[in-house]
Protein chains: 2
Amino acid sequence: MSAVDFASFVDELASRSGAAILPFFRTAIASADKSRGGVFDPVTEADRAAETVMRRLIAQTFPGHGIVGEEFGNEREDSEFVWVLDPIDGTRAFISGVPTWGTLIGLTRNGTPCYGMMHQPFTRERFSGDGEAARWIGPSGERPLRTRACARLEDATLSSTSPRLFAGAEREAFERVENSVRLTRFGYDCYAYCMVAAGQMDVVIESGLKPYDIVALVPIVEGAGGIVTSWDGGSPASGGAVVASGDPRLHEQVLARLKG
Amino acid sequence: MSAVDFASFVDELASRSGAAILPFFRTAIASADKSRGGVFDPVTEADRAAETVMRRLIAQTFPGHGIVGEEFGNEREDSEFVWVLDPIDGTRAFISGVPTWGTLIGLTRNGTPCYGMMHQPFTRERFSGDGEAARWIGPSGERPLRTRACARLEDATLSSTSPRLFAGAEREAFERVENSVRLTRFGYDCYAYCMVAAGQMDVVIESGLKPYDIVALVPIVEGAGGIVTSWDGGSPASGGAVVASGDPRLHEQVLARLKG
């Protein structure tokens, strides 16, 4: 079974998780603080409801597949196919009412991201890709996703979740790139990667990612013609410090600038 | 004629300007740099097309009214009623493909903001208010907008367009607030004020605003129960350094913290 054959199943995961999440968007909800050390990391009822419904459907349909999820941990993570789920990537945007969060549904085969979708149920947009091609489906229709050419840092639009994401040497490295680009935007989480895939932005730089923050996005960006690696050029599939670029020529310059 | 009577006319302005703008969203467009000194300030064809269509409709319907617009300057600005227009507030979000920009349509009567709408044509959301009440209309229905209670800075969610908006003493003042709040979000332009009105965020702090960046938003936030002033507590209608809070108790604390 090829990765492409999973597309309609992923659509179903997106529909069901979206239905689980939307009733909680822009309503007064309790959010627990699950992180230690006082960092604000909201967990919503929506997160848990959506991951539960996705895990159930995967277990019913593909009982041999593994699952890595933000809320409920890992199962059979050594399987050939592993689903990597983040029901609400961008929980801070979610609790702030801003529709730049998304549901990330990724699939790895033997550890390599092979299919991914970012679903934004409020705007009713689905960005998906398999590393070879990528497409957007929204209320007004559908179209292929293609990154744009951008060969020079000084012409690039850069995005990152927050300037407060970075500390110490990472902050200095990020600011070396930030000081070189044309425009920097903060606050968009997974939406930014999809805008790189759509040819609207040129590079996303982040740090401290978990696998479920990035696995679904790799086949979208790469399917649209871009490239995603760790800051040192390795595989991004395990998360950590990640760069996604629409133009491979730009990517080389960003990695060099991050290195110093 | 009371401000409320203008509501259906503003709906028509929103529909026509949205139709003028949407064909340019997420397409490759040329953007001119209209500012001096090398600051990146994109102007799009969409901006000009939308302001043209709104000015024409206002001139036809209310030939005695004044108009203040971002793109084409001021006319009859001493009239009793003056329309204050920003076809695309958040041009950087717009060119980045992210739907947190909006069309701002404000109306002042004898210099005081009396009606306003923020229209997001991509998400098909309209936030409007007249200082006494405010409402949201979207694809899923409509509902009143109400700010939420938030009496303490340490419980507040703060938003601002960019941490790079502030310099010198203003930056220090902003950071005094930022360091006191629970969560800070960047990148949302006019959408952030509407999320204060919707009870999703608590305070927006910005600087360097023009009248057309803020006039439309004042009757929305205040109609939802919030308060908008300059950093020193005066009228926000002329722009500059502005604070919008959902809870008047919080507003007092923010102003005090900004003062130092």
Side-chain angles (χ1 to χ4, degrees), chain A residues 22-23 25-29 31 33 38-42 90-100 120 122-125 136 138-140 143 145-146 148-149 154 157-164 178-179 181-189 191-192 194-202, chain B residues 22-23 25-29 31 33 38-42 90-100 120-125 136 138-140 143 145-146 148-149 157-164 178-179 181-189 191-192 194-202:
Chain A
L22 270 189
F25 184 54
R26 296 200 191 156
T27 56
I29 48 175
S31 70
D33 188 334
V39 178
F40 181 61
D41 183 10
T91 45
R92 291 175 178 81
F94 184 92
I95 63 168
S96 303
V98 181
T100 58
Q120 212 317 307
F122 182 78
T123 63
R124 294 185 291 161
E125 296 178 274
W136 173 88
S140 63
R143 60 165 192 273
L145 292 169
R146 291 297 303 166
R148 69 182 173 195
E154 57 264 43
T157 297
L158 162 68
S159 184
S160 187
T161 295
S162 169
R164 313 306 190 228
E178 189 189 358
N179 292 335
V181 299
R182 185 173 194 193
L183 176 62
T184 302
R185 300 293 299 169
F186 296 108
Y188 303 143
D189 305 291
Y191 214 93
C194 294
M195 289 303 102
V196 170
Q200 293 288 325
M201 298 206 268
D202 302 295
Chain B
L22 270 189
F25 185 52
R26 296 200 190 156
T27 57
I29 49 175
S31 72
D33 188 335
V39 178
F40 181 61
D41 183 10
T91 45
R92 292 174 178 81
F94 185 92
I95 63 167
S96 303
V98 182
T100 58
Q120 211 317 307
F122 183 78
T123 63
R124 293 186 292 160
E125 296 176 275
W136 172 87
S140 63
R143 62 166 189 275
L145 291 169
R146 290 297 302 166
R148 68 182 173 197
T157 296
L158 163 67
S159 184
S160 187
T161 295
S162 169
R164 313 306 190 227
E178 188 189 359
N179 292 335
V181 299
R182 186 174 193 192
L183 177 62
T184 303
R185 301 291 300 169
F186 296 108
Y188 303 143
D189 304 292
Y191 214 93
C194 294
M195 290 301 102
V196 169
Q200 293 288 325
M201 299 205 269
D202 303 296

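Quick note: numbers below take in every heavy atom, side chains included, and nothing from hydrogens, waters or symmetry partners. To find a chain, count down the sequence lines: A is the first, B the second, and so on, and within it residues start at 1.
Only the side chain of A/Glu178 comes within contact range of chain B, judged by heavy atoms closer than 4.5 Å. For A/Ala192, no part lies near chain B; criterion is any non-hydrogen pair under 4.5 Å.
Not a single donor-acceptor pair under 3.5 Å links the side chain of B/Arg26 to the backbone N or O of A/Gln200. In this structure, B/Tyr191 contributes its side chain and A/Pro99 its backbone to no donor-acceptor pair below 3.5 Å.
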Exercise. Quick one: do B/Tyr188 and A/Tyr188 satisfy side-chain contact (heavy atoms from CB on, under 4.5 Å)? Show the steps, please.
Key: CA-CA 9 Å; B/Tyr188 303 143; A/Tyr188 303 143; 4.3 Å; yes
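Among all heavy-atom pairs drawn from B/Arg185 and A/Ser96, the shortest one is CG-OG, 3.6 Å.
Counting heavy-atom pairs under 4.5 Å between each of B/Met195, B/Arg148, B/Arg124 and chain A puts B/Met195 at the top.
Counting heavy atoms from C-beta outward, A/Leu22 and B/Ser140 have side chains that stay 4.5 Å or more apart.
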